Amino acid sequence: MRTVAKVTQMGMDCHKNFSRVTARDASGKVLWRQRLEHGDRQQFREQLRSWPAGTPVVLEGTFGWGWISDELGAAGVEPHLASSRKTAAWRDARGLAKSNKIDADLLSELWTQQPRWWEVWLAPQAVRDQREQLRYRMTLVRMQTGIKNRIHATLHRHGIVHDYSDAFGTAGLKFLQNLIESDTLRPSTRTTLSGYLQLLRQVRQQIAQATRELSVEVRASVAGELWRSLPGVSWVLAYTILAEVGDVRRFRDAGHLCSYSLVVPVADDSGDEEDATPIGRHVGHLGRRTLKWALIDAARGAVRKSAYFRAIFNRRTDNAKRDKCRGYIAVARELCRVGYSCVSKGHRFSEAPPPRQQRRQPEQDRRQQDEDLLVRECVGPDRPLAAVLA
């Protein structure tokens with residue numbers, strides 16, 4: 001019979017159809033191991049409720065961790081998310097083979113590791129819903145791009161040349177429709193082209209609907225409106241940043257948010273001369289890549305619209321003569337830093353810095369203190385100073 005009362009920490013190795021669980025006591029001894037099937041959700045929940053309430057359960061941030069963490073929270077235990085990359089590196093450093101049993105055992109040991117170098121942010125359900133809606137629109141945009149490429153390939157395959165800069169604008173779509181109704185193309189090609197255009201219209205309608213829903217959520221969010229106040233940040237980019245960042249208060253400062261956004265160059269100049277130009281610097285890869293794309297895309301608009309960010313770009317690129325990509329990364333980093341300040345302090349972006357209160361010089365402060373002390377000595381301690389000055 002399993003000992004449940006002595007359990008102090010648990011590790012859960014999650015897969016698509018099942019999970020492996022290892023429970024330990026305060027001394028680190030393995031009390032029991034269990035296999036949970038995901039097919040029967042009711043039985044799965046009953047097994048989770050049999051665990052001691054408040055027990056920390058460590059699971060990896062692999063695909064499907066969201067619904068499992070929700071079930072763990074509903075059962076009364078505390079889910080904690082571990083970095084898959086760090087956990088795998090720890091297993092390799094100990095020279096252990098990879099198996100479901102070993103992974104569950106390792107995850108159950110992580111709770112005693114201090115500090116918690118392995119733990120990553122477990123996004124709440126609201127943030128995960130925002131990210132799911134964002135990825136839905138991103139998938140639709142990719143589908144739209146694929147359909148357009150297939151239409152271009154069809155025209156190129158049959159030697160159809162046109163002078164439209166946008167073949168999918170009003171005039172371009174009219175040209176394509178006339179091409180379908182004419183006898184220029186073979187019947188099979190006309191059928192294919194007509195089907196592609198029908199798919200394109202449907203995908204465009206879904207993209208427009210998803211964009212409207214995104215804009216509504218940005219308007220309803222104070223943080224979303226503050227992100228949108230930055231130059232170059234559109235409705236879609238504001239929603240992307242809002243969904244990927246979540247609550248900015250979870251970051252210690254703007255530098256941590258910039259690193260999380262992958263807009264901070266990482267030095268890789270081991271063995272170089274001290275006075276030589278550093279080589280091998282690149283942005284990191286452990287973070288939110290979608291957030292990096294959003295900030296760099298916003299940086300291009302910020303350079304066009306804002307004199308402040310244009311000056312940063314020109315200073316980094318020698319007036320757009322070299323290193324334009326690095327210049328946009330520098331602008332994206334400043335956008336991230338300014339955005340963190342705006343959202344954390346609750347004020348909109350302004351091109352002009354806010355006025356600062358002028359501080360008196362130390363000599364003036366000392367002189368004023370000497371004058372107040374002299375008046376105090378003359379009037380005595382019982383009479384208020386404000387009455388004498390009046």
Side-chain angles (χ1 to χ4, degrees), residues 1-125 127-128 131-132 135 260 262 266 284-290:
M1 183 177 180
R2 293 182 306 166
T3 304
V4 177
K6 297 182 179 180
V7 175
T8 59
Q9 63 207 46
M10 303 176 70
M12 191 171 185
D13 183 37
C14 305
H15 298 275
K16 178 182 178 181
N17 299 322
F18 68 94
S19 296
R20 291 293 299 267
V21 182
T22 299
R24 296 180 182 269
D25 58 10
S27 64
K29 179 182 178 181
V30 176
L31 297 178
W32 47 265
R33 297 182 178 91
Q34 185 180 9
R35 177 186 171 108
L36 304 180
E37 299 293 339
H38 297 168
D40 191 346
R41 187 63 64 88
Q42 186 62 31
Q43 182 181 2
F44 179 79
R45 292 170 178 170
E46 291 177 358
Q47 291 173 325
L48 296 184
R49 285 194 292 266
S50 65
W51 299 349
T55 304
V57 180
V58 181
L59 64 156
E60 283 185 294
T62 55
F63 191 81
W65 65 265
W67 73 270
I68 295 180
S69 64
D70 293 339
E71 294 291 348
L72 290 173
V77 295
E78 298 180 3
H80 294 268
L81 203 61
S83 171
S84 301
R85 185 183 295 269
K86 292 181 179 180
T87 304
W90 190 46
R91 181 187 62 240
D92 295 340
R94 297 176 61 175
L96 300 176
K98 176 173 174 53
S99 67
N100 298 333
K101 173 178 171 295
I102 293 178
D103 287 346
D105 291 347
L106 286 176
L107 290 173
S108 64
E109 291 184 44
L110 286 176
W111 184 251
T112 58
Q113 297 289 321
Q114 297 296 335
R116 296 181 186 176
W117 50 265
W118 48 269
E119 190 168 11
V120 295
W121 184 52
L122 195 153
Q125 183 64 54
V127 176
R128 299 204 301 271
R131 292 178 177 178
E132 185 172 1
R135 278 149 183 74
Y260 181 77
L262 300 178
V266 179
H285 58 278
L286 294 179
R288 307 300 300 184
R289 298 184 181 182
T290 306

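Quick caveat: nothing in here was measured; it's all calculated off a predicted structure.
Here the shortest heavy-atom pairing between Ala104 and Thr22 reads CB-OG1, 3.3 Å. Heavy-atom minimum distance, Arg24 versus Val30: NH1-CG2, 3.3 Å. Shown here for Ala97 and Ile102, the closest heavy-atom pair between the two residues is O-CD1, 3.3 Å. For the residue pair Ala82 and Leu107, the shortest heavy atom distance occurs at CB-CD2, 4.3 Å.
Side chains of Leu48 and Leu36 form a contact here, defined as non-hydrogen atoms less than 4.5 Å apart. Side-chain contact between Cys14 and Glu60 is absent, with no heavy-atom pair separated by less than 4.5 Å. Contact check for Arg35 versus Asn100: no side-chain heavy atoms found under the 4.5 Å cut-off. Inter-residue side-chain proximity for Met10 and Val77 is flagged as unmet; no heavy-atom pair is nearer than 4.5 Å. Residues His80 and Leu110 have side chains not in contact (no heavy-atom distance under 4.5 Å, counting atoms from C-beta outward). Looking at heavy atoms from C-beta onward, Trp111 lies out of side-chain contact with Thr8 at the 4.5 angstrom threshold. At least one side-chain heavy atom of Leu59 sits less than 4.5 Å from a side-chain heavy atom of Leu81. Lys86 places none of its side-chain heavy atoms less than 4.5 Å from the side chain of Val120.
Counted by atom type alone, Asp13 and His15 present one or more donor-acceptor pairs between their side chains at under 3.5 Å.
Every residue two or more places apart in sequence or in another chain that forms a ring-ring contact (aromatic ring centres under 6.0 Å, His included) with Tyr260 is listed here: Phe251. Residues passing the ring-ring contact (aromatic ring centres under 6.0 Å, His included) test with Trp118, sequence neighbours excluded: none. A search for ring-ring contact (aromatic ring centres under 6.0 Å, His included) contacts involving Trp121 returns nothing, not counting sequence neighbours. Ser69 meets the side chain to side chain contact (heavy atoms under 4.5 Å, CB included) test with Trp65, Pro79, Leu122, Arg128; sequence neighbours excluded.
Side-chain N or O atoms of Gln9 include none that pairs as donor or acceptor with a backbone N or O of Pro56 at under 3.5 Å.
Atom CD of Glu132 sits in a sparse spot, with 12 or fewer heavy atoms from other residues, nucleotides or ligands closer than 6.0 Å.
Among pairs with a residue in residues 113-123, those fulfilling salt bridge (Lys or Arg N to Asp or Glu O under 4.0 Å) read Arg116-Glu119, at least two apart in sequence or across chains. Sorted by first and then second residue, the salt bridge (Lys or Arg N to Asp or Glu O under 4.0 Å) pairs with a member in residues 45-54 read Arg45-Glu71; sequence neighbours excluded.
Classification of Arg20 and Asp103 as a salt-bridged pair fails, no side-chain N sitting under 4.0 Å from a carboxylate O.
One distance of note links NZ of Lys98 with CG of Leu106; it measures 9.5 Å at 0.5 Å rounding.
Geometrically, Arg41 engages Trp67 in a cation-pi contact, judged by NZ or CZ lying under 6.0 Å from the ring centre and within 45° of the ring axis.
Partner Ser19 forms a side chain to side chain contact (heavy atoms under 4.5 Å, CB included) with one of Gln47, Met12, Gln34, Glu37 and no other, that one being Met12.
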